[in-house]
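Chain A is the first sequence line, chain B the second, and so forth, proteins listed ahead of strands; every chain is numbered from 1.
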2 protein chains.
Amino acid sequence: MAGTVEDSGKTAPSSPAWLHGADLGLRVLLFAVSLSGLVVLVTAKQTEIVPLQRLASAHVRESIVVTYVSPLLRYLLVALCMTSLYSLLTAASSVKSMSSSASCAKGIFVLILLDVVYAGIMASATGTAGAVAWVGLKGNSHTRWNKICNIYDKFCRHIGSATCLGLVASIILVLLVVLNAYSLYRRSR
Amino acid sequence: MAGTVEDSGKTAPSSPAWLHGADLGLRVLLFAVSLSGLVVLVTAKQTEIVPLQRLASAHVRESIVVTYVSPLLRYLLVALCMTSLYSLLTAASSVKSMSSSASCAKGIFVLILLDVVYAGIMASATGTAGAVAWVGLKGNSHTRWNKICNIYDKFCRHIGSATCLGLVASIILVLLVVLNAYSLYRRSR
């Protein structure tokens, strides 16, 4: 990805081309990952015929979708939505700063600030959805929360995949913070 | 906090005293918060007489403690333990760099790297424990996970408080990243 970037050798104190390229590449990857996570999460819907709790002989047709399972999954939904929008905007600003080849230190500092906040939001949303997925998969005998993934297998696969994609998005955001911090560190030497 | 710090005016390119002081203050605060969270979480134990699920007339004495409720709460336990240890070590290194009044840019960069990783871990652990606390408090009719906080009220208060302290620890870590990024930004101007 860094190879496609023009060499901005004219501005000596500016960041090198590979740093710009890596930043843009990671932001594009972040957009792809968060959008995939969003699509996977939105399409998590399953209808099953399940037995009623008290009457083992009576059965009922029940649908399960993310939006009413719990606000916990909606939190991941909102976080992924925000992150994909944010990654798109920052990728655009990254392209713009690359073409003008004059990315200022202030801009990098602001990006670190925003990236670390988004990394925190994304990480906590991943933790939240991961907890729901874990309880759904394993259940908990002490609190009598039954596993639901033996019934809603497709639904659980979607939640699990969205959680994994959320984790990847969090890691990318952490990498972006480190990359931009390195960019500032290079300038400060 | 910054007032207690000696003026390091001799080294012009170094960070100003207030940045050093704020860094040390936040690390001491992080230690206090994460240790409190750890103590609150470890002491979350409650024994209650609860009815058996199938036989409403039969009752059983049940204890609930963090370590066997689920690996999800143990994750917060480990994260708080790691963070309190980390904050202690970095506070010591912060004092050391303050006394030598020669904090190098490389050291600040390494601190940003570690802080952002810990912020991610702490945020996800907070999200995980928050999800458990939320399900315990509100329950979920769709997945038939019953609320447990009406029975284990003290236990839930402990989990909730530990989650809040985890959230504060995450915010402090994000602030530390921003502070050190600002320190690098000042040097790069």
Side-chain angles (χ1 to χ4, degrees), chain A residues 13 53 62-65 68-72 75-76 104-106 108-109 112-113 115-117 119-132 134-136 138-148 152 167 170-171 173-175 177-178 180-189, chain B residues 13 53 62-65 68-72 75-76 105-106 108-110 112-113 115-117 119-132 134-136 138-148 152 167 170-171 173-175 177-178 180-189:
Chain A
Q53 206 165 17
E62 259 193 23
S63 279
I64 197 158
V65 289
Y68 63 64
V69 162
S70 83
L72 303 170
Y75 178 33
L76 181 64
C104 61
K106 198 174 182 177
I108 297 173
F109 171 65
I112 291 177
L113 201 154
D115 284 345
V116 74
V117 169
I121 292 171
M122 229 18 257
S124 64
T126 304
T128 306
V132 175
W134 178 272
V135 175
K138 299 274 177 181
N140 193 309
S141 59
H142 297 282
T143 54
R144 289 181 190 136
W145 295 338
N146 303 314
K147 53 179 89 171
I148 56 161
Y152 299 107
L167 182 65
S170 313
I171 292 169
L173 280 162
V174 166
L175 286 178
V177 172
V178 173
N180 281 315
Y182 180 69
S183 180
L184 275 188
Y185 162 61
R186 272 181 65 97
R187 285 160 175 260
S188 67
R189 275 189 303 185
Chain B
Q53 207 163 18
E62 260 193 25
S63 279
I64 198 159
V65 289
Y68 63 65
V69 161
S70 83
L72 303 170
Y75 178 32
L76 182 64
K106 198 173 181 177
I108 297 172
F109 170 64
V110 171
I112 292 177
L113 201 154
D115 283 347
V116 74
V117 170
I121 291 171
M122 228 20 257
S124 64
T126 304
T128 306
V132 175
W134 179 272
V135 176
K138 299 272 177 181
N140 193 311
S141 59
H142 296 281
T143 54
R144 288 181 191 135
W145 295 338
N146 303 314
K147 55 179 87 171
I148 56 160
Y152 299 105
L167 182 65
S170 314
I171 292 170
L173 281 162
V174 166
L175 286 178
V177 171
V178 174
N180 282 313
Y182 179 70
S183 181
L184 273 188
Y185 162 62
R186 272 182 65 98
R187 284 159 176 261
S188 68
R189 275 189 304 186

**Q** Closest heavy-atom contact between Lys138(A) and Lys147(A)?
**A**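 Minimum heavy-atom contact is O-CE, 3.7 Å.
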**Q** Under a 4.5 Å heavy-atom cut-off, does chain A meet the side chain of Lys106(B), its backbone, both or neither?
**A**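 Its backbone and side chain both get close to chain A.
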**Q** When rounded to the nearest 0.5 angstrom, what distance separates CZ in Arg187(A) from OH in Tyr182(A)?
**A**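 Result: 13.0 Å between the selected atoms.
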**Q** Please check if the side chain of Thr128(B) supplies one atom and the backbone of Leu72(B) the other of a donor-acceptor pair under 3.5 Å.
**A**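 Such a contact is absent between Thr128(B) side chain and Leu72(B) backbone.
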**Q** Considering only heavy atoms and a distance below 4.5 Å, find which of Val174(A), Asn180(A), Leu173(A) pairs most often with chain B.
**A**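 It is Val174(A).
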**Q** So, for Leu76(B) and Ala129(B), which heavy atoms are closest and what is the spacing to 0.1 Å?
**A**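 That would be CD2-CB, 3.4 Å.
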**Q** With only heavy atoms counted, which part of Ala119(B) is less than 4.5 Å from chain A, the side chain, the backbone, both or neither?
**A**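 When you check distances to chain A, no heavy atom of Ala119(B) falls under 4.5 Å.
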**Q** For Ile121(A), which residues count as a side-chain contact (heavy atoms from CB on, under 4.5 Å) partner, sequence neighbours excluded?
**A**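 Ile121(A): side-chain contact (heavy atoms from CB on, under 4.5 Å) contacts with Tyr75(A), Ala79(A), Met82(A), Val117(A).
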**Q** Of all of Gly136(B), Gly130(B), Gly120(B), Ser188(B), which one pairs up most often with chain A through heavy atoms under 4.5 Å apart?
**A**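 Among Gly136(B), Gly130(B), Gly120(B), Ser188(B), the one with the most close pairs to chain A is Ser188(B).
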**Q** Where does Tyr185(B) contact chain A at under 4.5 Å (heavy atoms): side chain, backbone, both or neither?
**A**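 Its backbone and side chain both get close to chain A.
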